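Below you'll find the structure, written out as structure tokens, and then a few comments.
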Amino acid sequence: MEENHITLKQLLSGEKAVIVTLNIDGVMRRRLLDLGFIKGALVTCVRRSPLGDPVAFEVSNTVIALRERESKKIIVCKIKEE
């Protein structure tokens with residue numbers, strides 16, 4: 001993994017990133033692709049639950065909650081906002 005690449009799980013609330021790859025196979029991969037989790041898509045961490053799992057992400061103008069087991073398999077490149 002490159003220096004600036006992190007997992008989606010590591011994004012903090014309000015941070016934005018671009019999806020690099022999905023390391024998920026099968027039905028879950030197909031579902032995430034259908035929901036807009038595709039390479040190059042902008043994703044924002046909207047909110048974390050009080051216990052940290054699940055986490056709400058906005059992608060393709062839709063808010064989707066993902067469990068840790070899925071979000072740690074999605075590699076993103078964090079966008080540095082100034």
Side-chain angles (χ1 to χ4, degrees):
M1 190 165 21
E2 290 187 26
E3 284 181 28
N4 56 346
H5 289 179
I6 60 172
T7 64
L8 192 58
K9 176 187 177 303
Q10 295 172 289
L11 277 185
L12 301 175
S13 292
E15 290 185 324
K16 296 180 181 189
V18 174
I19 297 174
V20 175
T21 190
L22 275 71
N23 294 325
I24 300 173
D25 293 320
V27 175
M28 182 52 77
R29 179 181 179 84
R30 181 79 253 154
R31 287 181 183 164
L32 290 173
L33 290 170
D34 289 344
L35 290 169
F37 284 85
I38 58 173
K39 183 177 180 177
L42 179 65
V43 62
T44 304
C45 181
V46 177
R47 152 178 342 148
R48 294 183 165 277
S49 70
L51 298 177
D53 191 34
V55 179
F57 298 99
E58 181 179 355
V59 65
S60 301
N61 294 319
T62 303
V63 176
I64 301 161
L66 293 179
R67 293 266 178 213
E68 179 181 346
R69 65 181 171 263
E70 287 93 23
S71 62
K72 70 181 182 181
K73 295 180 181 179
I74 300 171
I75 308 301
V76 298
C77 180
K78 191 159 63 166
I79 296 173
K80 295 177 183 165
E81 295 189 44
E82 299 174 22

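Predicted model only: the values in this text are computed from it and were never measured. Values reported hereafter were calculated over all heavy atoms of this structure, with side chains retained and with hydrogens, waters and symmetry mates removed. By convention here, the first residue in the shown sequence is residue 1.
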What's the shortest heavy-atom distance between [X] and [Y], and which atoms?
X   : Y   : answer
R69 : K72 : O-CG, 3.9 Å
C77 : N4  : SG-ND2, 3.5 Å
V76 : I19 : CG1-CA, 4.0 Å
F57 : C45 : CD2-CA, 3.8 Å
I64 : F37 : CD1-CE1, 3.7 Å
K78 : A17 : CA-CB, 3.8 Å

Inset, instruction - Indicate whether the side chain of Q10 and that of T7 have a donor and an acceptor atom separated by less than 3.5 Å. - result: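 Looking only at side-chain atoms, T7 and Q10 do form a donor-acceptor pair, the distance falling under 3.5 Å.
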Roughly how far, to the nearest 0.5 Å, is [atom2] of [Y] from [atom1] of [X]?
X   : Y   : atom1 : atom2 : result
E58 : L42 : CD    : CG    : 8.0 Å
K16 : I79 : NZ    : CD1   : 7.5 Å
L66 : I74 : CG    : CD1   : 5.5 Å
E70 : L8  : CD    : CG    : 10.5 Å
S49 : E68 : OG    : CD    : 10.5 Å
D34 : S60 : CG    : OG    : 11.0 Å

Legend entry - The single option from R48, K9, R47 passing side-chain contact (heavy atoms from CB on, under 4.5 Å) against V55: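 Only one of R48, K9, R47 forms a side-chain contact (heavy atoms from CB on, under 4.5 Å) with V55, namely R48.
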Inset, instruction - Decide side chain to side chain contact (heavy atoms under 4.5 Å, CB included) for R29 and L32; before the verdict, give the C-alpha distance in whole Å, the side-chain angles of both, and the deciding distance to 0.1 Å. - result: CA-CA 5 Å; R29 179 181 179 84; L32 290 173; 6.0 Å; no
Inset, instruction - Say whether M28 and V59 are linked into one hydrophobic cluster, either directly or through other cluster members, by side-chain heavy-atom distances under 4.5 angstrom. - result: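 Hydrophobic grouping puts M28 with V59.
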Inset, instruction - List the steps, then state whether side chain to side chain contact (heavy atoms under 4.5 Å, CB included) holds for V43 with V18. - result: CA-CA 6 Å; V43 62; V18 174; over 6 Å; no
